[in-house]
Structures are given as structure tokens and as C-alpha cells.
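Report on one structure; see the data block that follows.
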Amino acid sequence: MTNEIIRLTQTVKGAGCAAKLAPGALDKALCGLDLPVDANLLVGLAQADDAGVYKVSDDIALVQTLDFFPPMVDDPYSFGQIAAANALSDIYAMGGIPKTAMNIVAFPSKTLDISILRTIIEGGLSKMREAGVVLVGGHTVEDSELKYGLSVTGYIHPDRILTKKNLQTGDRLILTKPVGTGIISTAIKAGLAGQALTDRVILAMSTLNREAALTMEAFQVHACTDITGFGFLGHLAEMVVDSGRGVRITSANIPMYHEALEWAAMGLIPAGAYNNKNFRGSFIDFGADVTQRVQDLLFDPQTSGGLLIAVAAAEADRLVYALKAKGIDCAAIVGEVVDEPVERIIVE
Ligand code: CO
Ligand code: CO
Ligand code: CO
């Protein structure tokens, strides 16, 4: 192996950021399959959600999730931190407490030095430690493309599960991290993003949603999800479908990276954003004042994005205040659940 510094994002052939299957593709693969039935399965594949939940006793249910992807940043330690924070996030989005994790690794040992894998896992471990999670094992395969992530198991009280469903009319929607990391990851891969911005976005993506989840526990939260590959509007659409309600979004209140807005205006938009728009665009009405670049940012696939929390209207301001007091500075009320139009998202 040479001593030259390897840019991890350059080892990825496809789209850098969490390149998942196009939305809807997995549904086609699973549609009609005979899935095992179990009365203790409280949240399963039948209802798309952040994690599966299985009841063990009247007081305890297991929350299980798995996420892994190719590097979206060049620094191996940061990549490990981001991948772990992203995988842990689905437990927090359900209102759960993560307990154990397993590594999932695909590694090109012929082209990358094994010390890089060690550094990635070290980064992941730092986030597990912060989350109070123990690493119990894992699995590594040889692959032409590097991928890393975690399978995470957590606990939750069976009566306190926060799914994507259960929006109540009048609920306020609170977002806890800025959007635009997909566009910025694309810029990083293209060598366009400066170091200061790269550092800022790495810090945001590697920040656990733990504080946000612990903070919301004390409030009347009706539903929650985390913003990842389907983008802000894609994940919001999952909350709105079959809710019997609609949502009104104030785009000016959504925390965004202004650099991402500039790159979006130049057309530097990851393919996933177009997939997200094609899949969910028909649910959404944009006001005349919402510019194209803002629309693009709202479909931008996020890596390790923030929580999107639906909270009772009377408690919304207090929850934002509590989140800010925990250092979640950009937390903001970005929208409201309305009776009509049913199952539509109005972005103003
Ligand atoms: Co999720
Ligand atoms: Co996930
Ligand atoms: Co949830």
C-alpha cells in the first residue's frame, strides 16, 4: 500500500450519499410475499417505519434497525461516526433507547489498507459509547466497494412507541437538523466544498439524535421519524399517507444550509433527490413563492438527518425552547397538521 492520502469518497463509483434503492422499489420486491405472523410484532414490514418493534413483555419491547452505506466523506473516522449516528437514529425516532449494535462491513482489502477499516470502526465506537451502546459482534465481507454501518437493537415501553402515524390535527412539526447534506456530500465528492463547511456538515451528520429524543420524552409527542434518504418531503409524506389529515409547511422556517441552496441553483443535485420527487411529488403543492432550489432541497436525500417531531400545539414552543437549551440550536417549528386537504402537503 502507498502512503498517499486516500479520499474515501473517490473509491465510491455510484452516488456518494446513502445510495439506496429508488423509493418504491423495495415495496415491489416485498409485495405479496407471505411474511411470518406473530402477535407480538408491534411494528413490522406491513407499515413502513423507522424500525421494527417486537413485544417481549408488558413492559419491554425490542426495537431493531439496520443501516449501512458507502462513504459520503473522505475522513474514515468521521465516516464511522456518521454511519453509526445514522444507524442509531432510527431507534431514537421510535422513542427507544439503543442498547446493542453489530458492525456490518463490506471492505475492498485489495485496494484499501486495513488500518482504514480500523479507523472507521473506531469512529463508530465513539458514537456507540456516547449512546451507551455495546458492540456485540458483526460481519465483514470482501467487496469492491467500501460500506459500513450497524444493526442496532434497543428497548422501548410497548405503550410509548412513536411511529410515523398518529398525526393529530393542530400538531406542530419540529425539525432538529438543517437539510441539504445530500447536496453538500455531492459537492464534497466533487471537491467543491471548503474545509470549514465540510467540518460543519460532518459535525451535524455525526451528532446523535439522542438529546432530541430524550428531550421530547417529556412532551406530548404524537408521531416521529428521522429525515434520511427520502428527504424532508419524502419522510413527511410517509407520515401524511393514511393519516386522514394534511400538513401545511412554512418553508422559510426550515433550517437549511445556504451553501446547498447555491449549489442546488447550479444543478448540483444528487440523483436521489429526483427519485424522491418522482415518488412523492404528486402529494405536494408548492406555493408560487417557493423557489425551485428550495423545492430541490426539500427532496434532497439526507444522511443522518434530524428528527421530525409532531407535538401537541400547546407544547410546541416549549419543546423548541427545551431543544435549544440542549444545544440543538436550529430546532424550529416548520409546519402544522391540518384537517384539509386530506393527505396533501402544502408548502408555502
Ligand atoms: Co428512519
Ligand atoms: Co434506516
Ligand atoms: Co418513529
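This is a predicted model, so every value here is computed, not measured. Counting starts at 1 for both ligands and their atoms, in listed order.
The neighbour count for Asp289 CG, taken as heavy atoms of other residues, nucleotides or ligands under 6.0 Å away, does not exceed 12.
For Val37, there are no side-chain contact (heavy atoms from CB on, under 4.5 Å) partners two or more places apart in sequence or in a different chain. By the side chain to side chain donor-acceptor pair (under 3.5 Å) test, Tyr257 is found to be paired with no residue, residues two or more places apart in sequence or in another chain being considered.
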Step by step, would you call Glu142 with Lys110 a salt bridge (charged side-chain N to carboxylate O under 4.0 Å, His left out)? CA-CA 9 Å; Glu142 177 78 34; Lys110 292 174 188 75; 3.6 Å; yes
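Seen from the Co ion (ligand 1), atom OD1 on Asp226 and atom OD1 on Asp50 lie at an angle near 80° (rounded to 10 degrees).
In summary, no N, O or S atom of Asp49 is located under 2.8 Å from the Co ion (ligand 1).
Atom OD1 is the N, O or S atom of Asp90 at the shortest distance from the Co ion (ligand 1).
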